[in-house]
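Heads up, the thing below is written out as structure tokens.
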Amino acid sequence: MGASESTPSQEFDKPWRETPWDKKEHLETNLRELKLSDSNVKYIRILLAGEVGAGKSSFINSVNNIFQKRITTEALADSVSGTSFTRTYRTYYIRNGQSVLPFVFNDIMGLECGESQGADPEDIVKSLEGLLKEGYKFNPTDSAKNDSFRSETSPEDLTYCLVYVIAADKISMMNDEIFKKIRYIRQKASSLEIPQAVIMTRVDEACPCVQKNLRKIYTSKKIKEKMQQCSNSVGVPMSHIFPVKNYHEEIDTQNDMDVLILRALAQIVHIADDLLNRKKSDSEK
């Protein structure tokens with residue numbers, strides 16, 4: 001094949017988003033030392049939603065891995081069954097030595113096609129409002145009748161950021177029914193003024209050059225194309241979409257994986273804290 005017949009480059013000449021690959025410790029320290037806008041609130045709640053198998057539980061574990069400096073399995077993940085492994089509403093705290101960091105995650109049952117399959121969008125809306133009790137059992141066929149919801153909420157029960165977890169290598173194959181559920185949840189979250197973001201997982205499965213070298217994530221045309229697909233399908237701006245590689249087969253933590261996760265986490269925590277700050281300001285008026 002002659003030079004004129006070669007395929008177009010799969011990469012941009014330079015990264016279109018800067019990444020501080022050599023500043024992992026700085027990113028980690030900033031999150032360890034984070035002070036929330038409202039000192040009366042112990043932590044801000046981040047809700048993860050997405051299709052079955054997208055990597056919600058794995059993302060929680062990946063964050064925990066960084067702060068524990070070892071591979072953890074706090075949130076049980078399943079890569080085999082094809083149905084949601086998360087059946088119970090549970091809060092995940094990220095430990096910092098003997099204390100916990102001022103942000104927590106909630107993992108919910110994965111979204112699936114069909115009205116009686118996977119998480120019921122109404123359950124997710126109740127979670128956004130802080131109405132789901134710890135230990136709530138997800139039951140897609142019976143959620144509307146369930147009366148085990150809170151009648152009153154505290155600031156810690158509320159969701160301060162809704163994060164959609166979407167697999168980069170699966171987005172073009174995702175059923176429109178899943179996107180309809182996501183758009184419904186997004187509409188409800190927007191009416192509650194809850195900020196939203198996307199964690200785009202499995203970037204190594206979506207692009208061969210990123211699989212070889214994670215630092216090519218923002219020079220990869222394929223990854224940017226997948227991010228644009230996420231933005232168009234879900235309605236979240238590109239600035240709030242963060243591609244990462246979750247821990248899956250590794251037995252030790254790795255700098256470049258950690259930096260991408262920490263960068264995404266920092267942005268999500270800050271936009272969540274912005275909402276907390278607005279709520280505090282409104283209450284003082």
Side-chain angles (χ1 to χ4, degrees), residues 20 26-49 56 59-60 63-64 66-67 89-108 121-136 147-165 182-199 231 234-242 261-285:
H26 176 69
L27 291 167
E28 196 177 327
T29 299
N30 283 350
L31 283 163
R32 286 185 188 276
E33 297 177 354
L34 177 73
K35 296 286 187 286
L36 299 182
S37 296
D38 188 342
S39 59
N40 294 316
V41 175
K42 291 179 183 176
Y43 46 73
I44 43 180
R45 188 174 298 275
I46 298 162
L47 179 67
L48 303 182
K56 299 183 302 300
F59 180 72
I60 294 170
V63 170
N64 212 27
I66 296 170
F67 291 99
Y89 186 70
R90 181 183 163 192
T91 299
Y92 292 93
Y93 300 85
I94 305 301
R95 294 195 305 277
N96 177 25
Q98 296 302 310
S99 60
V100 293
L101 294 172
F103 50 87
V104 298
F105 292 102
N106 277 108
D107 186 10
I108 56 170
E122 294 300 339
D123 278 353
I124 299 175
V125 173
K126 285 185 170 64
S127 177
L128 292 173
E129 296 170 332
L131 296 174
L132 284 195
K133 292 179 181 177
E134 190 78 5
Y136 172 80
D147 60 357
S148 61
F149 303 122
R150 290 190 181 96
S151 55
E152 294 182 4
T153 60
S154 71
E156 276 93 2
D157 297 327
L158 306 176
T159 294
Y160 290 88
C161 187
L162 170 60
V163 177
Y164 308 100
V165 181
I182 288 175
R183 285 191 284 268
Y184 174 77
I185 296 160
R186 173 165 169 69
Q187 185 180 29
K188 293 292 186 177
S190 297
S191 69
L192 295 167
E193 299 186 340
I194 296 170
Q196 295 150 71
V198 171
I199 290 289
S231 181
V234 181
V236 171
M238 288 281 278
S239 60
H240 281 41
I241 298 177
F242 309 103
I261 292 165
L262 285 167
R263 195 87 187 288
L265 180 60
Q267 295 292 324
I268 288 165
V269 168
H270 285 307
I271 61 177
D273 189 55
D274 287 343
L275 176 59
L276 178 63
N277 192 36
R278 288 198 300 275
K279 285 181 178 292
K280 180 188 175 187
S281 299
D282 290 344
S283 67
E284 291 171 349
K285 287 178 183 175

To the nearest 0.5 Å, what is the distance between [atom1] on [X] and [atom2] on [Y]?
X	Y	atom1	atom2	value
Leu276	Cys161	CG	SG	12.5 Å
Lys188	Glu122	NZ	CD	6.0 Å
Asp273	Arg278	CG	CZ	10.0 Å
Asp107	Thr91	CG	OG1	10.5 Å
Asn96	Leu31	CG	CG	10.0 Å

Minimum side-chain heavy-atom gap [X]-[Y] below 4.5 Å:
X	Y	value
Leu101	Leu34	no
Val63	Tyr92	no
Val41	Glu156	yes
Pro121	Val125	no

Answer yes or no: does atom CD of Gln98 have more than 12 heavy-atom neighbours from other residues, nucleotides or ligands under 6.0 Å?
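Counting neighbours around CD of Gln98, 12 or fewer heavy atoms of other residues, nucleotides or ligands fall under 6.0 Å, so no.
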Flag yes if more than 12 heavy atoms outside Gln187 fall under 6.0 Å of its CD atom; otherwise flag no.
no
If every non-hydrogen atom of [X] is compared with every non-hydrogen atom of [Y], which pair is closest and at what distance?
X	Y	value
Ile199	Val163	CG1-CG1, 3.5 Å
Ile194	Tyr160	CG2-C, 4.1 Å
Arg263	Pro20	NH1-CD, 3.5 Å
Ala197	Phe242	CB-CE1, 4.1 Å
Ile108	Leu48	CG1-O, 3.3 Å
Phe149	Asp123	CZ-OD1, 4.2 Å

I'd like to know if the side chain of [X] and the backbone of [Y] have a donor-acceptor N/O pair within less than 3.5 Å.
X	Y	value
Lys280	Ser37	yes
Arg186	Val234	yes
Arg32	Phe67	yes

So, [X] versus [Y]: side-chain donor-acceptor pair below 3.5 Å or not?
X	Y	answer
Asn30	His26	yes
Tyr164	Gln196	yes
Glu129	Thr153	no

Could you tell me whether Arg150 and Asp157 make a salt bridge, using a distance below 4.0 angstrom between a side-chain N and a carboxylate O?
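Yes, charged N to carboxylate O under 4.0 Å.
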Test side chain to side chain contact (heavy atoms under 4.5 Å, CB included) applied to Ile46 and Asn106, Thr159, Val269, Ile271, the passing residue
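Considering Asn106, Thr159, Val269, Ile271, a side chain to side chain contact (heavy atoms under 4.5 Å, CB included) with Ile46 is found only for Val269.
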How are the rings of Phe59 and Phe105 set relative to one another: parallel (under 30°), tilted (30 to 60°) or perpendicular (over 60°)?
perpendicular
